[in-house]
Protein chains: 2
Amino acid sequence: MVDANLTISDRIQEKLDGLTRAERQLALSILENYPASGLGPLATLAKGANVSVPTVARMVQKLGYKGYPDFQADLRDELGAIAKGPIARHETWAGAAPTEHILNRFTEAVIDNIRNTMAHIDPVAFDQACALVADQRRHLYIVGGRITHTLAEYLFMHMQVIRPNLTHVQSTSNTWPHYLLNAGDGDVFVIFDVRRYENNTLKLAEMARARGAKVVLFTDHWRSPVHRIADVCLTSQIIVPSAWDSATTTMLLIESMISAIQTLNWDSTKNRMQELEDIFDKTKLFRKFT
Amino acid sequence: MVDANLTISDRIQEKLDGLTRAERQLALSILENYPASGLGPLATLAKGANVSVPTVARMVQKLGYKGYPDFQADLRDELGAIAKGPIARHETWAGAAPTEHILNRFTEAVIDNIRNTMAHIDPVAFDQACALVADQRRHLYIVGGRITHTLAEYLFMHMQVIRPNLTHVQSTSNTWPHYLLNAGDGDVFVIFDVRRYENNTLKLAEMARARGAKVVLFTDHWRSPVHRIADVCLTSQIIVPSAWDSATTTMLLIESMISAIQTLNWDSTKNRMQELEDIFDKTKLFRKFT
DNA sequence: ACAATTATGAAAAATTTATCACAGAGTGCT
DNA sequence: AGCACTCTGTGATAAATTTTTCATAATTGT
């Protein structure tokens, strides 16, 4: 047992730097489901963090405990102390900051956006969109606007790993008409368009449609005019306490889509990822995971 | 393990009448310091309630458990569910889709990431980071890597509106040494580095630091090696059911930061936004809001 | 008040759980 | 490229905790 006035969670975070890879992996696993996971048997904890049993024993010693049971005893004490005090209901997200701190206000707004977006989304439409984007026979065009081009790029980057035959187009660039030259029947356009909707984007969507391409639209819940011609429309709520709109919810939809498509195309994705790994290994662009 | 939707505390109270004297004595003792006392060794619990060891074993069996460890496991599960809070416990987000639909699974993971990130963030560090990035006397460099360059760009785009005197650098590009030439004392580097940590990014950070610049790091909770030299380190949890990591939580932090800085610099931001509007109006790049 | 029944606790047996010592793998350094 | 280093996991050993057994005490019904 060690000093008080400092939760074990704090202590772990503090010592995080002094820990080795496996130990840190373990420490984070403990914090992830704190404190419940630390109150179970050592072996269970080790398994949950994908580390070996002695790693746990070593880490708790580094934290200053005599052994795992000692650590558990302290955890239980802490739990007991919390339970006795006024049960502060989790109204705040960043626990250490007041409710009015921007982190809490912003996070609350984003959670609300997510809840609303998910409540109104049509899973069938989402699945359709995924199927279209996953279909390797169709050339895939990903289109972003002024603000949304970063989102478009994020999707593009991941789709590049999953499948061939795709292009990133920026509607704000004046080169996009050139891309349309090659687009045709059965191709797919994923278009991002949120407030302030862009005229260029609408034009591009119309022309793509005229050429017989499918259109998947990511927009906010006021809906870009593109939605009238889109085959599938995915809307997100984007309201936050800021002068700008939030892209977080849209990002969540994009990542869900990537995850879904990766599953649909898993065989080819797996191979392509492996190849990518090999290339990175050869170029030694990245450090080994530490 | 038994049915859900009923806390163990409830179940004990319910069965209280069916228990014998010693067992009731024990039950009340458990409830007195719930749930901490039930998570310790059986013998300790027995001693605390002044009953014998087998009494405990018998009572948990009456409650429907196979044995004491089984009882403890259920207690821990309950504890885990409480800690996650009512919002995270949401089972389905996309109401129209089944729980196993990727939208629900993914969203749940992201909410969990957000909760964890916010639980462990240091608001003081966050405020410091905001102050550094907001300070217009310092030149601001925003650095992204292979995956993170979209996030970096997103921040860059917004900061461009808020303040002058900033540069977007890509650590994967081989032009970054040129940017460092101009960097010096008192400048600020916002660096994004998540798994697979990039050697280039680390080098860049080191050199920036050597030149007397401040370093603000956005990373995942395994922490990029850059964190050792960073002045402020903001970590996000990024685990999702996918072959890739999630950028959504990091996006949330970035947007919170933008919102915070916009408030700090509100006078200048307001003017700059107005100017931007005027320019857009002139170029007629965007449709009027409909 | 006595017998039958049930509850309780002490102690031993069985099982689970934690600790220790050692060897292999991976890293970084010269 | 080779050596020394640290870190990590496997298997063996020791410790602890839980379960079971059984004898005794308390309780209830007649």
Side-chain angles (χ1 to χ4, degrees), chain A residues 1 15-30 36-76 277 280-281 284-290, chain B residues 1 15-30 36-76 195-199 202-203 206 222-226 228:
Chain A
M1 209 150 308
K15 294 239 178 184
L16 215 56
D17 291 333
L19 300 177
T20 64
R21 194 215 81 227
E23 284 169 351
R24 187 158 39 227
Q25 194 174 319
L26 166 67
L28 291 167
S29 167
I30 294 174
S37 56
L39 291 163
L42 189 153
T44 310
L45 180 60
K47 204 169 182 182
N50 277 317
V51 297
S52 69
V53 165
T55 302
V56 180
R58 281 189 287 255
M59 196 203 65
V60 295
Q61 288 193 351
K62 275 198 189 172
L63 287 167
Y65 297 99
K66 216 183 113 212
Y68 186 67
D70 190 31
F71 167 73
Q72 285 190 313
D74 206 14
L75 262 183
R76 278 197 304 277
E277 287 288 313
F280 279 134
D281 279 354
K284 290 199 176 125
L285 206 53
F286 300 106
R287 300 170 62 94
K288 275 273 176 232
F289 177 81
T290 21
Chain B
M1 209 148 309
K15 293 236 179 183
L16 215 57
D17 294 333
L19 300 177
T20 65
R21 193 217 82 234
E23 284 170 351
R24 188 156 39 233
Q25 195 174 319
L26 166 65
L28 291 169
S29 166
I30 292 175
S37 54
L39 291 162
L42 188 151
T44 310
L45 180 60
K47 204 169 182 183
N50 276 318
V51 296
S52 70
V53 165
T55 303
V56 180
R58 279 189 289 259
M59 197 201 66
V60 295
Q61 288 194 350
K62 274 197 189 171
L63 287 167
Y65 297 99
K66 216 182 117 215
Y68 187 67
D70 190 31
F71 167 73
Q72 287 189 312
D74 206 15
L75 264 183
R76 281 197 302 275
R195 281 210 299 204
R196 319 265 306 263
Y197 310 119
E198 295 171 31
N199 236 329
L202 180 59
K203 289 278 176 301
E206 279 165 353
W222 293 285
R223 294 215 261 181
S224 144
V226 174
R228 280 190 288 269

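Naming convention: chains lettered A, B, ... in sequence-line order (proteins, then strands); numbering from 1 in each chain.
- Following rounding to the nearest Å, B:F71 (CZ) and D:dT18 (P) show an atom-to-atom distance of 12 Å.
- Scanning both residues, B:S37 and B:Y68, for their nearest heavy atoms gives O-OH, 4.3 Å.
- Counting heavy atoms from C-beta on, the side chains of B:K15 and B:K62 never come closer than 4.5 Å.
- Rounding to whole angstrom units, CD of residue B:Q72 and P of C:dT15 are separated by 19 Å.
- Put simply, CG on B:L45 is 13 Å from C1' on D:dT18, counting in whole angstrom units.
- To the nearest angstrom, P of C:dA18 lies 6 Å from OH of A:Y68.
- For the pair B:A43 and B:V53, the tightest heavy-atom approach, listed with the atom from each and the gap, is CA-CG2, 4.3 Å.
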Summarise protein proximity over nucleotides 3-15 of chain D in one line of letters, 5' to 3': B for base, S for sugar-phosphate only, - for none, counting protein heavy atoms closer than 4.0 Å. ----SBBB-----

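- Pairing each heavy atom of B:L19 with each of B:R24, the nearest pair is O-NH1, 3.4 Å.
- Atom C1' of nucleotide C:dT19 and atom OH of A:Y65 are separated by 19 Å, given to the nearest angstrom.
- The CG-C1' distance, from B:L26 to C:dT8, rounds to 13 Å in whole Å.
- Looking at every heavy atom in both residues, B:A57 comes nearest to B:V60 through O-CG2, 3.2 Å.
- In this structure, B:L19 atom CG and C:dT6 atom P are separated by 17 Å, rounded to whole Å.
- Between the NZ atom of A:K66 and the P atom of C:dT19 there is a distance of 9 Å, given to the nearest Å.
- Annotation for A:L45 and A:L26: closest pair CG-CD1, 3.9 Å, computed over non-hydrogen atoms.
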